[in-house]
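What you are looking at is a predicted structure, and each value in this text was computed from that prediction instead of being measured.
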Amino acid sequence: MPDTPPPCTGLAAPPRLGLVLPGGGARCAYQVGVLKALAELLPGAGPIPFRVISGTSGGAIIGSVLASHAAHFRRGVVTLERFWRGFRIDEVYRADDASMLRAGLHWLLALLSAGWLARSPHALLDNSPLRATLARHVSFARIRHALERGHLDALAVSASPYRRAHSMSFYTASPAHAALLQGWPDGVAAELGIDHLMASAAVPFLFEPVCMGGEWYGDGAMRQTSPLAPAIARGADRLLVVGVRPAAPPVATSPPGEAAEPSFGQIFGFMLDTLFMDGVHADLERLRRDNLLIGAAAAAAGRDAVAGMRRVEALHIVPGEDFGAIAARHAGDLPRALRALLRTMGAANPGGRMLLSYLLFDGAYARELIALGYRDAMRRREELQALVCSEEWRETTPG
């Protein structure tokens with residue numbers, strides 16, 4: 001166990017901390033590793049340190065499981081880790097030989113008959129097993145109880161309606177907090193359920209959209225121009241943002257001028273990477289600029305704050321290694337039919353590893369990402385505790 005700063009004890013005025021978990025498919029196991037590190041840095045029997053949780057796609061699933069255990073943060077993280085370490089692909093989508101063959105024949109028949117003999121498929125993969133998996137691991141009754149007992153202020157899940165031009169944030173909030181959120185244009189108060197999580201994780205082309213209230217929804221990262229907004233709108237003044245893309249892109253392995261034409265799998269992986277993470281990086285840069293403007297305005301006014309302007313701190317933790325290389329080591333664990341499909345798409349070669357890293361819901365792969373998230377978070381443990389702990393704690397705690 002590495003040397004760590006002392007835990008946050010005796011907090012006089014804890015900050016209103018928000019947790020932002022972007023989507024990332026199987027890559028989201030990395031977020032579990034970061035949360036595991038934070039749980040070890042905080043008191044063992046304490047409640048969740050986050051007042052607000054905002055998640056998209058796979059991040060929404062992790063956030064919901066965590067909210068189910070808001071009264072006992074470490075227990076919730078242990079549950080999350082057990083969930084991801086034992087993951088199997090067939091708990092997320094059907095990839096056995098018979099299912100993949102039926103799906104292939106369906107696509108072929110729809111194509112040859114122009115949709116007359118079989119309706120056009122809405123997705124490449126059947127993710128109906130995910131619904132049963134979520135029902136076993138997410139307790140919305142416990143989430144409601146946590147909100148009523150004051151362990152959590154709000155949980156937000158983002159999904160994108162296909163008929164509109166922006167992502168929507170469905171949220172459930174504590175009775176005292178709900179009144180503060182009325183009138184927020186992109187927020188919809190809702191009794192969250194499995195449908196919201198399925199909609200938030202409905203990656204376009206991969207998984208079918210979900211119908212809620214007469215509207216069809218897909219992955220919440222689509223059209224999500226301000227991924228930090230749901231947590232900030234719910235009152236968070238400090239954010240922990242856990243991304244799933246390395247800060248520096250992997251180094252190209254082929255010399256200039258000799259790069260092969262990108263395969264469909266490589267293009268699709270690039271699209272997913274853009275979908276899940278570009279908005280997060282852009283929003284963090286906007287937040288940095290806004291904080292500079294607020295600081296300049298406060299300095300000019302000769303006081304610590306300016307009316308109507310709120311500074312929001314954010315700590316962004318991202319992987320220190322390329323997920324594609326890690327996924328390649330576990331490609332042999334995929335079901336045979338899925339391996340064949342990925343080879344056909346060009347996702348089995350080095351250029352297509354990005355797509356593989358999003359689809360590899362496998363326990364061995366997840367365990368490597370959890371370990372990586374843990375190591376990356378521990379390397380930044382002082383920043384983590386500075387974010388979570390109040391100024392009063394930092395001033396009165398030795399070391």
Side-chain angles (χ1 to χ4, degrees), residues 11 13-23 31 35 38 46-73 76-77 80 134 138-160 166-197 199-201 212-213 217 220-221 224 226-242 280 283 287 310-315 387-388 390:
L11 294 180
R16 182 174 291 278
L17 187 66
L19 176 64
V20 178
L21 298 172
Q31 298 171 336
L35 292 169
L38 180 60
I48 190 170
F50 307 104
R51 304 306 305 166
V52 179
I53 300 176
S54 173
T56 302
S57 196
I61 294 172
I62 289 179
S64 298
V65 174
L66 197 61
S68 299
H69 299 273
H72 304 280
F73 179 47
V77 172
L80 265 175
L134 294 176
V138 181
S139 171
F140 291 98
R142 284 208 301 264
I143 292 174
R144 287 192 295 272
H145 182 70
L147 292 166
E148 292 166 359
R149 295 293 299 273
H151 297 304
L152 187 68
D153 288 339
L155 170 67
V157 172
S158 295
S160 301
H166 62 279
S167 179
M168 302 292 295
S169 179
F170 295 93
Y171 67 86
T172 182
S174 64
H177 201 64
L180 302 177
L181 304 174
Q182 294 177 359
W184 187 50
D186 295 328
V188 178
E191 188 72 25
L192 293 180
I194 300 295
D195 279 346
H196 294 92
L197 296 182
S200 184
M212 296 187 297
Y217 290 85
Q224 190 179 43
S226 300
L228 309 184
I232 294 174
R234 288 159 184 79
D237 50 33
R238 297 186 187 178
L239 301 177
L240 174 61
V241 185
V242 187
V280 175
D283 214 15
L287 183 65
R310 179 161 58 99
R311 180 183 175 85
V312 178
E313 298 179 36
L315 175 60
L387 183 82
V388 174
S390 68

Atom of [X], atom of [Y] and distance for their closest heavy-atom approach:
X      : Y      : value
Leu21  : Gly63  : CD1-N, 3.8 Å
Leu155 : Ala67  : CD2-CB, 4.2 Å
Gly59  : Gln31  : CA-OE1, 3.8 Å
Leu152 : Leu147 : O-CD2, 3.4 Å
Ala199 : Met212 : CB-CE, 3.9 Å
Val20  : Ala231 : CG2-CB, 3.9 Å

Do the non-hydrogen side-chain atoms of Val242 and Ile62 ever get within less than 4.5 Å of each other?
no
Do Pro227 and Thr56 come close enough that some side-chain heavy atom pair is under 4.5 Å?
no
Short side-chain to backbone donor-acceptor contact, [X] and [Y], under 3.5 Å:
X      : Y      : result
Arg149 : Arg144 : no
Arg238 : Leu387 : yes
Asp237 : Arg16  : yes
Ser200 : His196 : no
Ser68  : Ser139 : yes

Walk me through it: do Ile143 and Val138 pass the test side chain to side chain contact (heavy atoms under 4.5 Å, CB included)?
CA-CA 9 Å; Ile143 292 174; Val138 181; 4.3 Å; yes
Can you tell me how far apart [atom1] ([X]) and [atom2] ([Y]) are? Round to the nearest 0.5 Å.
X      : Y      : atom1 : atom2 : answer
Tyr217 : Ser158 : OH    : OG    : 11.5 Å
Leu17  : Ile53  : CG    : CD1   : 10.0 Å
Phe50  : Leu35  : CZ    : CG    : 6.0 Å
His145 : Glu148 : NE2   : CD    : 7.5 Å

Might you work through the side chain to side chain contact (heavy atoms under 4.5 Å, CB included) test for Gln224 and Ser57, ending with a clear yes or no?
CA-CA 12 Å; Gln224 190 179 43; Ser57 196; over 6 Å; no
Using side chain to side chain contact (heavy atoms under 4.5 Å, CB included) as the criterion, point out the one residue from Leu287, Leu19, Leu228 that pairs with Val241.
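Output: one option passes, namely Leu228.
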Using the rule given for side chain to side chain contact (heavy atoms under 4.5 Å, CB included), can you reason through Asp195 versus Phe170, listing the C-alpha separation, both sets of side-chain angles and the distance that settles it, and then say yes or no?
CA-CA 11 Å; Asp195 279 346; Phe170 295 93; over 6 Å; no
Show the numbers, then the answer: is there a side chain to side chain contact (heavy atoms under 4.5 Å, CB included) between Tyr171 and Leu192?
CA-CA 7 Å; Tyr171 67 86; Leu192 293 180; 6.0 Å; no
